[in-house]
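Comments concern the structure below.
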Amino acid sequence: MGWKKINCRKLLLLAFGAIIPRLLLFSIVAPHPERIFITNTDAFQYDRIATNILEHSSFSLSSTLPYEPTSFRTPIYPLFLATIYRLCGERVLVAIIFFKF
């Protein structure tokens, strides 16, 4: 009975209500992806670890030698980000699309 009351129009309104704020945020960030990576933010650190995984096979926050391993961040998201970078190149906007949708 509950599913019969939810019609297609309500589901579409819900879907658009969820996706429109994300698209608006993406349209603001897309022209200026450098704003995402302010030093010492979570995004900057995850990006640094993902880049180091790809370039140096090291789970490190260091930007120079020696690449000391870090335990400050959990491994799942940097590995996910490194996988996206490996498949699509180091494009931050592609990573945002994968993560947000």
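We number each residue from 1, following the sequence as shown.
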Would you confirm whether [X], through its side chain, and [Y], through its main-chain N or O, come within 3.5 Å as a donor-acceptor pair?
{"X": "Ser60", "Y": "Glu68", "answer": "yes"}
{"X": "Asn52", "Y": "Ser63", "answer": "no"}
{"X": "Thr74", "Y": "Ile76", "answer": "no"}

Subject >> pair Glu55-Glu90: side-chain heavy atoms closer than 4.5 Å >> reply: yes
Original post:
According to the interplanar angle, ranging from 0 to 90°, do the rings of Tyr67 and His56 count as parallel (below 30°), tilted (30 to 60°) or perpendicular (above 60°)?
Top reply: parallel
Nearest-0.5 Å distance that lies between atom [atom1] in [X] and atom [atom2] in [Y]:
{"X": "Thr51", "Y": "Leu54", "atom1": "OG1", "atom2": "CG", "answer": "6.5 Å"}
{"X": "Leu61", "Y": "Gln45", "atom1": "CG", "atom2": "CD", "answer": "5.0 Å"}
{"X": "Leu81", "Y": "Asp47", "atom1": "CG", "atom2": "CG", "answer": "6.0 Å"}
{"X": "Leu11", "Y": "Phe16", "atom1": "CG", "atom2": "CZ", "answer": "12.0 Å"}

Subject >> Transitive ILVMFWY side-chain link Phe72 to Leu79, under 4.5 Å >> reply: yes
Subject >> Single-linkage hydrophobic cluster, 4.5 Å side-chain cutoff, Leu24 and Ile19 together >> reply: yes
**OP:** Identify the two heavy atoms, one from Pro78 and one from Ala50, that lie closest to each other, and give their separation to 0.1 Å.
**Re:** O-CB, 3.6 Å
